[in-house]
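Every chain is numbered from 1, with letters handed out A, B, ... down the list of sequences.
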Number of protein chains: 2
Amino acid sequence: MESSSAPSGGSTRREATRQKLYEAAVTLIAEQGFSATTVDEIAERAGVAKGTVYYNFASKSVLFEELLRHGVELLTASLREAAERTERDGGTKVDALDAMIRAGLVFIDRYPSFTQLYVAELWRTNRAWQSTLMVVRQQAVAVVEGVLREGVKKGEFSEEIDVPLTASALVGMVLVAALDWKSFQPERSLDDVHSALSRLLQGRVSGGR
Amino acid sequence: MESSSAPSGGSTRREATRQKLYEAAVTLIAEQGFSATTVDEIAERAGVAKGTVYYNFASKSVLFEELLRHGVELLTASLREAAERTERDGGTKVDALDAMIRAGLVFIDRYPSFTQLYVAELWRTNRAWQSTLMVVRQQAVAVVEGVLREGVKKGEFSEEIDVPLTASALVGMVLVAALDWKSFQPERSLDDVHSALSRLLQGRVSGGR
DNA sequence: ACTTTTGCACTGACCAGTCAGTTCAAAATG
DNA sequence: CATTTTGAACTGACTGGTCAGTGCAAAAGT
């Protein structure tokens with residue numbers, strides 16, 4: 001008995017099933033929305049019986065909620081890593097923002113469905129997972145805000161900038177540009193998109209040539 | 001739309017009920033999503049019998065589709081008007097972009113639910129109204145792209161900018177900043193938000209003081 | 001007169017969640 | 001060994017409820 005008091009690493013069968021369910025749910029919900037996606041569909045795409053879904057998750061919304069948390073934590077870690085790497089390499093705060101834009105693009109490139117689904121749910125009110133969503137969102141945006149604030153302190157950015165609003169605007173810029181990229185010109189390279197956004201960030205838009 | 005005052009043309013009784021149905025549907029769908037919103041709820045909030053919904057619209061999705069089209073057409077008209085007004089007043093293309101940012105903010109300020117619902121649906125695939133959505137979206141973005149292109153021609157913007165991508169990024173900037181504004185700091189004034197975005201647009205972020 | 005709205009009962013499809021039963025590999029037993 | 005036992009993981013038919021859409025006779029506008 002006690003077959004799997006296993007090493008918490010997550011190499012259990014159960015963990016593998018959960019992973020398959022996440023992957024199935026993410027694409028289906030991104031395509032159709034939460035309510036329009038049935039548990040039967042998720043189970044079928046994951047190659048698993050419906051009961052298994054309920055063995056692994058308390059309900060359809062709990063499955064979704066854990067999916068959201070998992071995904072945003074991935075993004076936050078990636079942004080933080082980009083900021084810290086730039087710091088270590090002695091880059092400016094603009095360099096850090098630029099590195100974070102790239103990290104954002106890389107994330108969206110890798111998980112377009114997740115991003116799409118996240119955007120669709122972020123500003124909804126009256127939903128079960130609203131608070132969860134809020135918390136993880138704030139973690140991610142806080143990384144950007146942190147860099148902006150340090151930049152102001154160092155005198156690299158104007159003292160007049162509105163940190164939270166500027167952070168939102170930057171996130172929006174990357175989010176929408178990337179989603180449009182993936183939806184309408186998926187053949188373009190990441191570098192290409194990145195350089196266009198860099199240019200915009202550094203105000204090299206106006207000013208001829 | 002949501003808190004419209006305008007009689008907007010048709011003075012028939014029918015037109016008034018349709019308007020009430022639009023208003024009810026917009027807020028409910030923004031809160032809960034399309035599938036989670038029932039026709040009974042919409043009818044109840046509009047203060048109308050369920051049969052009336054089906055007397056006025058062929059189906060739930062048709063109601064939604066017409067709502068989408070109607071809303072985006074409003075926005076497009078508003079953007080176009082802002083650009084043309086700047087043109088007449090002899091403003092630069094940067095002034096035109098700035099005026100359009102303001103027009104966008106005014107729109108979102110007036111119709112937050114619509115905006116929210118629109119964002120939630122825009123990048124979804126496999127849905128009935130996808131093509132409708134695509135067409136109207138392109139009309140709106142095309143206005144921004146037009147101004148950018150003219151700015152390049154006049155030498156006001158760099159020839160190296162990527163017009164469609166820059167337009168997307170600008171739209172995203174305004175969209176996300178405004179939705180965050182409405183969600184988390186609704187007490188702030190429009191002018192305040194507008195000036196923060198202007199600053200970002202004109203690259204007055206980096207460069208101290 | 002004619003258009004529009006109401007109220008309400010009804011149908012048939014669809015779906016979240018349940019539960020009694022199955023599988024199987026590891027642990028206990030002899 | 002060989003066997004029995006255990007329990008976590010999984011299965012899929014079934015249930016109870018929900019909801020889009022229908023039908024229609026009577027009432028209310030205009």
Does any donor-acceptor pair link the side chain of B:Lys50 with the base of D:dG21 at a separation under 3.5 Å?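 Checked by distance alone, the answer is yes.
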[X] has an atom [atom1]; how far is it from atom [atom2] of [N], in whole Å?
X       : N      : atom1 : atom2 : value
A:Glu44 : C:dC15 : CD    : P     : 12 Å
A:Arg14 : D:dG7  : CZ    : P     : 16 Å
B:Arg18 : C:dT3  : CZ    : P     : 16 Å

Lys/Arg N to Asp/Glu carboxylate O, [X] vs [Y], below 4.0 Å:
X        : Y        : answer
A:Asp109 : A:Arg102 : no
A:Glu81  : A:Arg85  : yes
A:Arg188 : B:Asp162 : yes
A:Arg149 : A:Glu145 : yes

To the closest 0.5 Å, what do you measure between CG (A:Leu175) and CG (B:Leu175)?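 Reported to 0.5 Å precision, the distance equals 9.5 Å.
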From B:Met100 atom CE to B:Lys93 atom NZ, the distance as rounded to the nearest 0.5 Å: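 Here the rounded value is 10.0 Å.
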Restricting to pairs with a member in residues 120-148 of chain B, which pass ring-ring contact (aromatic ring centres under 6.0 Å, His included), not counting sequence neighbours?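 Qualifying pairs: B:Phe34-B:Trp129, B:Phe64-B:Trp129.
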What parts of residues 53-62 of chain A reach DNA chain C, counting only heavy atoms under 4.0 Å away?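 A:Tyr54, A:Ser59, A:Lys60, in order of number.
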Nucleic acid contacts of residues 32-42 of chain B, taken as heavy-atom distances under 4.0 Å to DNA chain C: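 Going residue by residue through residues 32-42 of chain B, none turns out to have a heavy atom under 4.0 Å of DNA chain C.
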Would you say [N] has OP1 or OP2 under 4.0 Å from some side-chain N or O of [X]?
X       : N      : value
A:Thr52 : D:dA9  : no
B:Thr17 : C:dT5  : yes
B:Arg13 : D:dG29 : no

Please work out which of the three classes, parallel, tilted or perpendicular, describes the rings of A:Phe114 and A:Phe107, given edges at 30° and 60°.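 A:Phe107 and A:Phe114: perpendicular rings.
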